[in-house]
Asker: 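Let me begin by handing over the structure; questions about it come next.
So that the names make sense, note that chain A is the first sequence line, chain B the second, and so on, each numbered from 1. Below, all heavy atoms of this structure are taken into account, side chains as well, without hydrogens, waters or symmetry copies.
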Amino acid sequence: MIDHKSIQSKWLSEWEKAKLFESDINEREGILVTAAFPYVDMPLHIGHLRTYGTADFYARYKRMRGFNVLYPMAFHKTGTPILAISKRIAANEPDIIDVLKKLGVEDTEVIKKMSDPYFLADYFEKITEEGMRGAGFSIDWRRKFDSINPFFSKMVEWQFSKLNEKKLLVTGEHPVGWCPNEGNAVGQHDTKGDVQPEISKLVAIKFKDSGSDKYFACATYRPETVYGVTNLFINPKAQYVIADMDGTKVYMSKDAFEILKYQFDMNLVSEINGEELLAKKAINPINGKEVPIFPGSFVKPDFATGVVMSVPSHAPFDYEELEKLKGSNYDTGLKYEDYIRCLETPDESKSTDIPALQYLNSKKKDDGSYDVEAATKDIYRDELRRGTMLVGDYKGKGVSEARESISKDLISDGNAFEVNIISNEEPVYCRCGARVVVHTVKNQWFINYGEKEWKEEAKSYVPEMLIYPEKTRNALLAAVDWIDLRAAERAQGLGTKFPFDQDHIIESLSDSTIYPMFYTISNIIFSSGAKPEQLSGEFFDYLVYGKLDANEVSKSTGIDYEVLKKCRDSFSYWYKFTSRHSASDLVFNHLTMYIYNHLAIFPEEYWPKQIVVNGLVNNEGVKMSKSLGNVIPILKGIELYGADTLRFIEIVNSDLDQVAEFSTESVNSVNQKIEYIYSVLSKIKGMSAGELRPIDFWLYSKLNRKIRDATDMVEKFNLRDAYISIFYGSVNELRYYFERGGSNSIVVNDFMSKVILMLSPVMPYNSEELWHMIGNDTFVSKQQWPEPEENLIDDSVEQLEDMLNSTIEDISNTIKLTSKIDANKGKSVKSVKIIVADDWKFKAYEKLREYKSMSKVINLPEFSTISKESLSKYLSSLIKNVNSLPDLQYSSEDEYNALDSSKDYIKSKLNGLSEVSVKREGESDSDRAFRASPTSPAIILEWN
RNA sequence: GCAGGGAUAGCAAAGCCUGGCCAAAUGCGGUGGGUUUAGGGCCCAUUCCCGUAGGGGUUCGUGAGUUCAAAUCUCACUCCCUGCACCA
């Protein structure tokens, strides 16, 4: 067994002693590798290892390719989650304490102290750093900082002053989830059960009361069906009110009023019974038609406005309700022709002309009742997709187009307004217990990612970046196109004050878009003695644009001239080539904003060059999440499974864009192979050098082919395939080499050292250990990546091994099949004759590959001595695969020698054979000898 | 709804961009065997159907199309997953 722990701690301290990963500018080409910094409201878990590990892999690989690589790290503390957790700890909520305990925070004293958000953040920062060091990340820790650092804030302020200069900040209104009790916005972590309040938009169409100046506000998702309204529904048991909205009096349910008053400026005029409303008539604004008000038992007073327009031809709920009213005081008396069809719908069933009924019929349950919910879902979907308008201004148009236009028209004519509602299936409650409503925030500042020129620039830049995996480019393009206004500031949380509203702080995604630049100067600034306020706008203008000269900036900021120069040199060196790494969940927010902000603020030479996006990590097939309680903190994971093993599984064991599957099973499988590699190393001592045999050349060929191909794959971030070859492939090749009798110490040593080099970016600890075991006293982390020796890649030696193995397989198959023959019952195969195809077959094979025509080959003079019959018989067996015949790199003689010298091996693979002989086709008198063909010798079994 | 991704053998998953060496990698599970074999591990064989000689047949969500040739390209359809605003 390998002692992971001592290997890890040994090399970790060696690396740190040697300051191996502290990088400064030099004459070589530089690469700045950054990963989205971790949010420190909990310890890092093994899922995070994927992103930081992939970045680390890249950093280590590029170092081995001769680049000067900087991989720095920092910590994100801005925003509300840290505050929210501290608050919950202060309130002694048992849930959160449970979660912390599961995450390995056992000490109740420590937990108590975490009611201080700064303590909590510092605590997890420390644990996070420890985890990253343990994972073997090659980080330059001199440069670390966090996002509430006052120096950092100066950079963010500068960023926003630039955005503002470019008129990319705008103000406006914005709907948010809101707690009426606490009077603040609520996000996911502020709600019971951590549900995200979802806001969706409906249109409330105003139907005028025919007997007064008041309006019924009918909220609907389907304004295009307004042509088909036969009546309105209200809930007769509910209390209604008359509300004054900007001078317009509107009927709505009392519950609705209580919710919507946070969204609209409105006053309660008076209350009114639902029953009273039933006597009224309402006028449809689209056609002036007067319609009655009916009681609707299904109308929820707390949903939207509590008033619903009824479209029985297209809404199953409305249809059913009207059917129920038949025979009551509210007998509708509607005849079929009264159901107003406003859409042509695609349902082909001709049982009825009323679409709503068609869909109800298709959802009839066993007891004869309808599944109204399901019918509604179906008709909604189908009509949206394929319905066309039969009436109105948009007659002939598709529903999706008509819906948008009609609601726009209604609104601009003052006949409707938009209503936002919390659209979660279940009501959402704030942790304080109050029900979350929608509130419209006024004077909200936004970053305007919809700004036309900016968007165009971003859209044309995305295709120019290096993006891995390639399909992320599509997602990024879509995201860049889609993103519009984005709130830039908010009322609560940790972070930098918003420059144009000092009571607010900058929203935490917006403050972490250009910060990779800060890594290039953080260590210089921190050790310079400069004060935060000295990092003025001029400082950053000088740093990024080279504006003014260092003397003047030094004068105005008081920062030492040399320090300024150093900052500028460092920034302009490192920022020329940056590689940004994150998990796929940040594509639609952080990465998109990262691109936009860089484009807006930086000169083109410092724009982002490369983005690498990795998938998430599952634990035993299940998504890892705090709430599921299946996260493994990284320090614990390293202790249990070993850092290298975790790294291997998460970084290279699955495709970049796929979910990585972590399981103890995979841990075992990787560990076993690591141990096999160790065991081979200890075996080398017992071997000796000596003359190279074919199997040695085979191993060299495999090795160099591997180096060549795997390097190509790594360059394209095709890490999984590369390491299947480097790790799994090498283990298999070594096993095969020994099985075939290979035992050359020099060959094995060469093979191992190159494989160890290639393993080192993924498994730095064990590679370092193995590297020293084979007699090196340098750091493997500082070595060059191996170069393939093309002249050692030998197709023929590999093809001959393949031929040998497929021949063995054929023999084994044949024995199995023929043992079923009656004549062979009770017998076994005594000996096998292997007959190698004659040389002319090899030649004809080549010619057929070249000409792809049987007749051409048959008529070649060189085959004149061969009987036309056997020649054509042979060629016809090849012709159907003529386009896929492999290029054979060996001769009949080679094949003969390879088989003849491997008779013992063949015997060993086929149990119970007493004799194996190899003959040339021309020397054999067997009537099956003609079947021999290149790569596929004839096989003759003898039974007794 | 909008946007992105997906549907492959018992399961998971590769292949699809760049059509043909694809009955389709790999892992798990199943079956048989081996290993002085408690268990586990490891090793070998086998795991769509048929087959008395290494062969043949039918497959890659559904339907159509392009092509000498389609898991791979085009179109339509059905279903599934993820994100959607203050939340990192």
Asker: Which value, in whole Å, describes the distance between the P atoms of nucleotides B:C42 and B:G27?
Answerer: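 One P to the other, the span is 11 Å.
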Asker: Give a yes/no on whether any side-chain N or O of A:S512 is located under 4.0 angstrom from OP1 or OP2 of B:A88.
Answerer: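 So the side chain of A:S512 is outside the cut-off, no N or O lying under 4.0 Å from OP1 or OP2 of B:A88.
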Asker: Name the nucleic acid region contacted by A:Q672, choosing base, sugar-phosphate or nothing; use a 4.0 angstrom heavy-atom cut-off, strictly under.
Answerer: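 Counting heavy atoms under 4.0 Å across all strands, the contact made by A:Q672 is with sugar-phosphate only.
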Asker: If I take atom NZ in residue A:K833 and atom C1' in nucleotide B:A53, what distance separates them, rounded to the nearest angstrom?
Answerer: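 Between C1' of B:A53 and NZ of A:K833: 16 Å.
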Asker: Report the distance from atom CD of A:E675 to atom C1' of B:G41, rounded to the nearest whole Å.
Answerer: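 Roughly 12 Å, once rounded to whole Å.
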Asker: Check every strand shown and say whether A:T80 touches a base, only sugar-phosphate, or nothing at a heavy-atom separation below 4.0 Å.
Answerer: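 The residue A:T80 makes sugar-phosphate contact but no base contact.
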Asker: Tell me the interatomic distance from A:L586, atom CG, to B:A88, atom C1', rounded to whole angstroms.
Answerer: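 Rounded to whole Å, this separation is 8 Å.
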Asker: Paired with B:C42 by Watson-Crick or G-U wobble geometry, both distances under 3.5 Å: which nucleotide is it?
Answerer: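 Partner of B:C42: B:G34.
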Asker: Do A:D511 and A:T78 pair up side chain to side chain, a donor and an acceptor below 3.5 Å, judged on atom types alone?
Answerer: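 There is such a pair between these side chains.
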Asker: Return the value, rounded to whole Å, for the distance between atom CH2 of A:W482 and atom P of B:C84.
Answerer: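 Atom-to-atom, A:W482 to B:C84, this comes out as 8 Å.
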Asker: Between the side chains of A:Q672 and A:S669, is a donor N or O closer than 3.5 angstrom to an acceptor N or O?
Answerer: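 Distance-only check fails for A:Q672 and A:S669.
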Asker: Using the C1' atom on both, measure B:C28 against B:C49 and round to a whole Å.
Answerer: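 So the two C1' atoms sit 24 Å from each other.
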Asker: A:E739 has an atom CD; how far is it from atom C1' of B:C42, in whole Å?
Answerer: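 It works out to 14 Å between those atoms.
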Asker: Whether A:R403 engages the ring of A:Y380 as a cation-pi pair (distance to the six-membered ring centre under 6.0 angstrom, angle to the ring normal within 45°) should be assessed.
Answerer: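 Relative to the ring axis of A:Y380, which defines the angle, A:R403 lies inside both limits.
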Asker: Give one of base, sugar-phosphate or nothing for A:V186, where a contact means two heavy atoms less than 4.0 Å apart.
Answerer: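 Sugar-phosphate, backbone atoms only, no base.
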Asker: Can you check whether A:R490 has a side-chain N or O nearer than 4.0 Å to OP1 or OP2 of B:A88?
Answerer: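 Answer yes for this pair, as a side-chain N or O of A:R490 is under 4.0 Å from OP1 or OP2.
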Asker: Please state the C1' separation for the pair B:G19 and B:G30 - nearest whole angstrom.
Answerer: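 Between the two C1' atoms, the distance is 35 Å.
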Asker: What contact category does A:D190 fall into here, base, sugar-phosphate, or nothing, at under 4.0 angstrom with non-hydrogen atoms?
Answerer: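 A:D190: backbone/sugar contact only, no base atoms under 4.0 Å.
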Asker: Check the distance between B:A85's P and A:E173's CD and give it to me in whole angstrom.
Answerer: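 Spelled out: CD on A:E173 to P on B:A85 is 18 Å.
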Asker: Under the side-chain contact (heavy atoms from CB on, under 4.5 Å) test, which residues partner A:D721, sequence neighbours left out?
Answerer: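 Listed in chain order: A:M713, A:N718, A:I724.
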Asker: Would you mind classifying the nucleic acid contact of A:H174 as base, sugar-phosphate or nothing, using non-hydrogen atoms under 4.0 angstrom?
Answerer: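 Base: the residue A:H174, judged by heavy atoms under 4.0 Å, touches a nucleobase.
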Asker: What is the base-pairing partner of B:U18, counting Watson-Crick and G-U wobble geometry with both distances under 3.5 Å?
Answerer: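 Partner of B:U18: none.
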Asker: Quick one, give me the B/S/- string for nucleotides 4-14 of chain B, reading 5' to 3', where B means a protein heavy atom under 4.0 Å from the base and S means that only happens at the primed atoms, P, OP1 or OP2.
Answerer: SSS-------S
Asker: Taking any heavy-atom pair under 4.0 Å as a contact, classify A:S510: base, sugar-phosphate, or nothing.
Answerer: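 Contact class for A:S510: none.
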Asker: Measuring only the C1' atom in each nucleotide, how far is B:A13 from B:U26? A whole number of Å is fine.
Answerer: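 My reading of the C1' atoms in B:A13 and B:U26 gives 8 Å.
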Asker: Return the nucleotide paired to B:A88: Watson-Crick means purine N1 to pyrimidine N3 with N6-O4 or O6-N4, wobble means G-U with N1-O2 and O6-N3, both under 3.5 Å.
Answerer: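 The base-pairing partner of B:A88, which may sit in any strand shown, does not exist here.
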Asker: Heavy atoms only, 4.0 Å cut-off, all strands: where does A:I483 land among base, sugar-phosphate and nothing?
Answerer: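 Since no nucleic acid heavy atom lies under 4.0 Å of A:I483, the category is nothing.
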Asker: To the nearest 0.5 Å, how far apart are OG in A:S423 and CD in A:E198?
Answerer: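 If we round to the nearest 0.5 Å, A:S423:OG and A:E198:CD are 5.0 Å apart.
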Asker: What interatomic distance, in whole Å, is found between P of B:U58 and the corresponding atom of B:U8?
Answerer: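 Between the two P atoms, the distance is 23 Å.
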Asker: Select base, sugar-phosphate, or nothing to describe what A:D585 touches, counting heavy atoms under 4.0 Å on all strands.
Answerer: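 The answer is nothing, as A:D585 stays clear of every strand by at least 4.0 Å.
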Asker: Could you tell me the Watson-Crick or G-U partner of B:A13, where both distances fall under 3.5 Å? Say none if there is no partner.
Answerer: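 Per the H-bond distance test, none.
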Asker: Does the side chain of A:Y736 come under 3.5 Å of the side chain of A:N805 through a donor N or O and an acceptor N or O?
Answerer: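 The criterion, which ignores hydrogens and geometry beyond distance, is satisfied for A:N805 and A:Y736.
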Asker: On RNA chain B, check which nucleotide each of A:S936 and A:Q188 is closest to and give me the residue with the more 5' one.
Answerer: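 The answer here is A:S936.
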Asker: Determine the Euclidean distance between corresponding P atoms of B:C60 and B:C73; express it in Å to zero decimal places.
Answerer: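 Approximately 15 Å lies between the P atom of B:C73 and that of B:C60.
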Asker: Taking atom P in both B:A24 and B:A45, what distance in whole Å separates the two?
Answerer: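 My reading of the P atoms in B:A24 and B:A45 gives 16 Å.
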Asker: B:G55 and B:G6: how far apart are their C1' atoms, nearest whole angstrom?
Answerer: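 About 37 Å, rounded to a whole number of Å.
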Asker: Taking only Lys NZ, Arg NE, NH1 and NH2, and the carboxylate oxygens of Asp or Glu, determine whether A:K459 and A:D481 approach each other closer than 4.0 Å.
Answerer: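 Salt bridge between A:K459 and A:D481, a charged N being under 4.0 Å from a carboxylate O: yes.
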Asker: Could you pick out which residue, A:I724 or A:A932, lies toward the 5' side of RNA chain B when each is mapped onto its nearest nucleotide?
Answerer: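 Here A:I724 is the residue nearer the 5' end.
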Asker: Tell me the partner of B:A7, counting only Watson-Crick (N1-N3 plus N6-O4 or O6-N4) or G-U wobble (N1-O2 and O6-N3) with both under 3.5 Å; none if nothing fits.
Answerer: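 B:A7 is paired with B:U78.
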Asker: For A:F124 and B:A88, what is the distance between atoms CZ and C1' respectively, to the nearest whole Å?
Answerer: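 Rounded to whole Å, this separation is 16 Å.
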Asker: Base, sugar-phosphate, or nothing: which does A:P38 touch, judged by heavy atoms less than 4.0 Å apart?
Answerer: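 It contacts nothing in the nucleic acid.
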Asker: Who passes side-chain contact (heavy atoms from CB on, under 4.5 Å) against A:T128, sequence neighbours left out?
Answerer: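 By the side-chain contact (heavy atoms from CB on, under 4.5 Å) rule, A:T128 matches A:P38, A:V40, A:L44, A:F75, A:M132.
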Asker: Hey, can you tell me if A:F498 and A:F500 have their rings parallel, tilted or perpendicular (30° and 60° cut-offs)?
Answerer: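 Ring orientation, 0 to 90° scale: perpendicular.
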Asker: Check the orientation of A:W178 and A:H439. Use parallel for under 30°, tilted for 30 to 60°, and perpendicular for over 60°.
Answerer: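 Tilted.
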Asker: Please state how far atom OH in A:Y736 lies from atom P in B:C44, giving the value in whole angstrom units.
Answerer: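 Going from OH in A:Y736 over to P in B:C44 covers 13 Å.
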